[in-house]
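Remarks on the structure that follows.
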Amino acid sequence: MTRNIFLLLPIIFLSASLNAQQLYVPRNIQKAIDNGTRTLDGKPGKNYWQNEGVYDMKIKVTPETRIVSGSETIVYSNNSPDTLKTIAIRFVNNLQKPNSPKGGYAPDAALDSGLTITSFKINGEVYNQNARNWGTVGTVRLKQPLLPHSTATLEIDWHYPLSKVDGREGQINPTTFYAAYSYPRVSVYDDYNGWDMLDHTGRQEFYNDFNDYKYSVTAPKNYIVYGTGDLLNPDEVLQPEIAKRLKQSYTSDDVIHIANKQEVDEGKVTLQNDWNTWKFSADHITDVCFAFSKTYVWDGGSVVVDKKTGRRASLQAAYNDNAKDFKESVKWAQFSMDFFSNQWPGVAYPYPKMTAFQGHADMEYPMMVNDASTSNFAFARLLQDHEMAHTYFPFYMGINETRYAFMDEGWATTFEYLAGIAESGKETADNFYKSFRSGGYIRNISSENDQPIITQSSQQAGMGYSSNSYGKASLSYLALKDYLGDELFKKALHYYMDQWHGKHPIPWDYFGAMNAGSGKNLNWFFNNWFFTNNYVDLKISEVKKTSGGYNVTVANAGGFAIPFDVVVEYPDGKTKATHFTPAIWQKNEKVQTLKIPASGKVKSIKIDNGVFVDFTPEDNARVL
């Protein structure tokens with residue numbers, strides 16, 4: 001395949017007005033820029049700040065009643081320049097309460113009482129709070145304001161029931177449970193919205209501060225607890241042979257069966273105390289979660305994720321022994337974690353562990369994923385890749401998923417696709433992406449599918465939310481990758497990630513960082529993809545024979561600046577493709593006349609959009 005070069009040359013000589021194209025900036029973001037916490041050049045502002053907490057939690061689970069109870073201390077640091085007169089407490093699982101806002105139907109079995117607070121203190125003062133009138137976020141008026149650059153110590157005792165119907169959390173079966181979002185937390189207070197008071201409705205996802213965590217989970221004997229972070233006391237909760245295998249798995253290239261079905265069934269895994277207390281820690285991370293089961297088997301292995309230092313990550317899987325796909329989970333994770341660390345995004349996996357837990361959520365959490373089992377191994381592997389790719393976005397990068405889901409789901413979809421190419425070949429990965437990601441979006445002509453990607457996720461629902469968050473966003477990243485080329489695209493992506501990991505980037509930080517990292521003003525591209533009602537639809541409007549080939553006029557009916565090939569087919573079946581990057585749309589986003597070289601008799605000329613599935617493919621070819 002040839003790559004078109006000559007059409008890129010005129011783009012170097014852009015008019016000043018085109019280079020100076022500005023993107024729409026909302027008033028609250030502009031205020032943050034004026035305050036010096038954000039910039040338009042991709043770097044955090046000189047006055048950038050973010051708040052944080054140090055959490056120490058003691059949690060107990062009672063499987064028979066599904067009750068999770070806890071006692072926690074939070075040392076919350078107000079690093080902002082603002083005096084806080086209130087503090088917002090978030091508890092996502094209040095979604096179970098019948099009167100909490102919901103984004104869709106909830107069966108009776110999914111409803112329950114929600115959070116009960118039995119004790120609430122701030123700096124030693126008792127507050128009359130029981131959370132009964134809270135939705136998924138509640139406000140506490142402080143008796144003493146929290147001054148800038150000072151701390152407050154919160155002490156909270158609480159309990160709530162795990163959901164009877166498991167989704168992102170809850171009871172998976174009578175002996176297996178997933179406890180996510182399982183503790184009251186201080187909501188985010190940031191530089192562009194103040195307190196994050198958006199209720200969780202079950203559709204949009206999450207936005208959390210980077211915190212340090214120490215937590216323990218007390219569970220009955222024979223229940224194995226799997227959690228975010230390092231397990232600090234394996235010898236205090238596991239029988240010696242099991243603890244030995246777990247430790248061996250931390251450095252093993254082979255898959256080790258830490259606990260097999262017979263051992264699990266015969267009670268030969270945990271110590272036989274009535275209760276065991278499992279202790280974990282994780283620092284500078286946006287959340288922790290845990291799961292527990294007395295019937296799941298347990299596998300482990302590891303992979304080198306940082307080849308410069310030799311650092312390894314532990315990879316574990318917990319599942320029902322009859323789940324055949326999960327028997328491959330650790331092996332698949334070894335490949336994908338190596339790929340993510342060294343290829344795309346090409347940033348070493350930043351955490352010490354990743355656990356795949358069999359549930360029904362198809363959901364990511366820091367250092368854990370909760371995926372359903374399926375007999376379709378190719379889909380199971382892709383699903384695991386997708387959820388594990390979320391390590392980078394939203395967790396490593398601190399994305400506000402509630403408002404800007406495309407900043408994490410779009411990247412996970414892109415990395416899933418690129419990993420799929422390495423695992424199964426480009427044709428297989430392309431076909432899956434077209435059928436599962438881009439095809440469904442473009443074939444659905446409902447108006448919500450054409451909302452600008454920049455539309456806040458909290459204002460979207462249904463297919464509009466899915467298209468903007470997953471398929472369209474991923475297509476924008478793939479289009480930019482094609483436009484810049486792999487080397488420059490990775491350089492720009494790494495610049496963005498270097499500037500913003502461990503912080504809270506928003507779309508304008510991404511736009512500015514990619515401009516700075518690439519050394520190009522890409523605002524025309526970002527405006528085209530993020531701030532318009534464009535869609536994917538090219539068509540050949542005219543073909544004229546020339547002395548050296550053909551002039552092919554391509555109309556961009558849909559408007560998105562996408563890459564494509566013009567393919568010349570000869571009577572003998574041979575073809576020649578010329579590739580055009582999105583750069584050709586910079587000066588004129590609606591129509592381009594392309595010089596396509598061809599010799600001898602030509603049978604047909606067609607456009608091939610690749611994974612950018614076209615709305616009207618029937619007008620993408622001309623028979624000559």
Side-chain angles (χ1 to χ4, degrees), residues 224 226-231 234 242 244-260 291 296-321 323-359 362-374 376-393 395-396 411-412 414-425 428-429 432:
I224 306 171
Y226 310 85
T228 300
D230 292 314
L231 176 61
I242 304 299
K244 177 183 175 183
R245 291 180 205 160
L246 173 63
K247 294 171 189 176
Q248 288 174 338
S249 75
Y250 293 160
T251 56
S252 175
D253 292 323
D254 298 322
V255 178
I256 292 176
H257 302 299
I258 299 169
N260 62 39
Y296 274 13
V297 298
W298 189 4
D299 290 346
S302 72
V303 67
V304 174
V305 292
D306 189 334
K307 293 185 178 179
K308 292 181 180 179
T309 65
R311 179 173 63 85
R312 285 179 174 265
S314 168
L315 305 173
Q316 300 176 33
Y319 57 94
N320 191 312
D321 191 55
K324 294 181 180 179
D325 53 336
F326 269 82
K327 294 181 185 295
E328 307 297 322
S329 176
V330 171
K331 183 172 66 176
W332 290 343
Q334 286 174 321
F335 183 94
S336 59
M337 287 303 181
D338 178 76
F339 180 87
F340 296 148
S341 296
N342 296 292
Q343 299 299 320
W344 294 105
V347 173
Y349 179 70
Y351 304 125
K353 184 172 71 174
M354 171 60 76
T355 300
F357 195 87
Q358 182 190 349
D362 300 342
M363 185 67 191
E364 74 280 0
Y365 314 80
M367 302 191 217
M368 294 188 73
V369 299
N370 174 344
D371 288 342
S373 176
T374 172
N376 184 335
F377 277 30
F379 182 79
R381 186 173 190 177
L382 177 138
L383 175 63
Q384 179 172 285
D385 286 350
H386 179 95
E387 306 306 348
M388 289 186 176
H390 274 299
T391 291
Y392 298 96
F393 303 87
F395 303 131
Y396 182 65
W411 284 112
T414 301
F415 297 149
E416 149 214 309
Y417 166 64
L418 296 174
I421 294 174
E423 292 162 356
S424 305
T428 298
F432 182 87

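In this structure, N320 has no side-chain hydrogen bond (donor to acceptor under 3.5 Å, both in side chains) partners at least two apart in sequence or on a different chain. Looking at residues two or more places apart in sequence or on another chain, you find no side-chain hydrogen bond (donor to acceptor under 3.5 Å, both in side chains) involving N376. F432 meets the ring-ring contact (aromatic ring centres under 6.0 Å, His included) test with F436; sequence neighbours excluded. With sequence neighbours excluded, no residue satisfies side-chain hydrogen bond (donor to acceptor under 3.5 Å, both in side chains) with Y226. Not a single side-chain hydrogen bond (donor to acceptor under 3.5 Å, both in side chains) links T228 to another residue, sequence neighbours left out. The salt bridge (Lys or Arg N to Asp or Glu O under 4.0 Å) test applied to R245 returns E241, E263, not counting sequence neighbours. For D321, the salt bridge (Lys or Arg N to Asp or Glu O under 4.0 Å) criterion is met by K327, not counting sequence neighbours. Listed by chain and number, the residues in a salt bridge (Lys or Arg N to Asp or Glu O under 4.0 Å) with K244 amount to none (sequence neighbours excluded). Under the salt bridge (Lys or Arg N to Asp or Glu O under 4.0 Å) criterion, E328 pairs with K331, sequence neighbours left out.
A distance of 5.0 Å separates CZ in F357 from OH in Y296, rounded to the nearest 0.5 Å. Rounding to the nearest 0.5 Å gives a distance of 11.5 Å between OG of S249 and CG of D254. Between Y250 atom OH and S314 atom OG the span is 5.5 Å, to the nearest 0.5 Å. Distance check, rounded to the nearest 0.5 Å: CD1 of I224 to CG of L231 gives 11.0 Å. Taking CZ from F415 and NE2 from H386, the interatomic distance works out to 11.5 Å, rounded to the nearest 0.5 Å. With rounding to the nearest 0.5 angstrom, the CG atom of L382 is 15.0 Å from the CZ atom of F377.
At a threshold of 4.5 Å between non-hydrogen side-chain atoms, the residues S373 and F326 count as touching. Side-chain contact between Y365 and N370 is present, with heavy atoms from C-beta onward closer than 4.5 Å. Using a 4.5 Å cut-off on side-chain heavy atoms (C-beta onward), W298 and L246 make contact. Side-chain atoms of D299 and I258, non-hydrogen and from C-beta on, never get closer than 4.5 Å to each other. Residues P350 and T391 form a side-chain contact, since some pair of their non-hydrogen atoms from C-beta on lies under 4.5 Å apart. Under the 4.5 Å side-chain criterion, counting only non-hydrogen atoms from C-beta, R311 is in contact with V305.
Nearest heavy-atom pair, A348 versus D306, reported as atom, atom and distance to 0.1 Å: CB-CB, 4.1 Å. Shown here for E387 and V369, the closest heavy-atom pair between the two residues is CB-CG1, 3.5 Å. Residue M388 comes nearest to A356 through the heavy atom pair CE-CB, 4.1 Å, listed as atom of the first residue, atom of the second, then distance. The two atoms that bring T374 and A380 nearest to each other are CG2-CB, 3.5 Å, heavy atoms only. For the residue pair A419 and D385, the shortest heavy atom distance occurs at CB-OD2, 4.0 Å.
Using a distance-only test at 3.5 Å, with no hydrogens or angles considered, a donor-acceptor pair links the side chain of S302 to the main chain of S252. The closest donor-acceptor contact from the side chain of H257 to the backbone of N260 lies at 3.5 Å or more, if one exists at all. Q334 contributes no side-chain N or O that, together with a main-chain N or O of G301, makes up a donor-acceptor pair within less than 3.5 Å. Within the 3.5 Å criterion, the main-chain N or O of V347 finds a donor-acceptor partner in the side chain of Y392.
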Mind listing the side-chain donor-acceptor pairs of residues 337-346 below 3.5 Å, one per line with the distance, residues two or more places apart or on another chain?
residue, atom, partner, partner atom, Å
D338, OD1, N342, ND2, 3.1
S341, OG, M337, O, 2.7
S341, OG, Y349, N, 3.0
N342, ND2, D338, O, 3.0

What's the verdict on side-chain contact (heavy atoms from CB on, under 4.5 Å) for Q316 and V330, showing C-alpha distance, side-chain angles and the deciding distance?
CA-CA 6 Å; Q316 300 176 33; V330 171; 5.6 Å; no
Can you check side chain to side chain donor-acceptor pair (under 3.5 Å) on Y319 and D325, steps first, answer last?
CA-CA 10 Å; Y319 57 94; D325 53 336; over 6 Å; no
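No side-chain N or O of S336 forms a donor-acceptor pair with one of Q384 less than 3.5 Å apart.
Residue pairs meeting the salt bridge (Lys or Arg N to Asp or Glu O under 4.0 Å) criterion with at least one member in residues 415-425, sequence neighbours excluded, are R381-E423, E416-R437. For residues 342-359, no pair satisfies salt bridge (Lys or Arg N to Asp or Glu O under 4.0 Å), with sequence neighbours left out.
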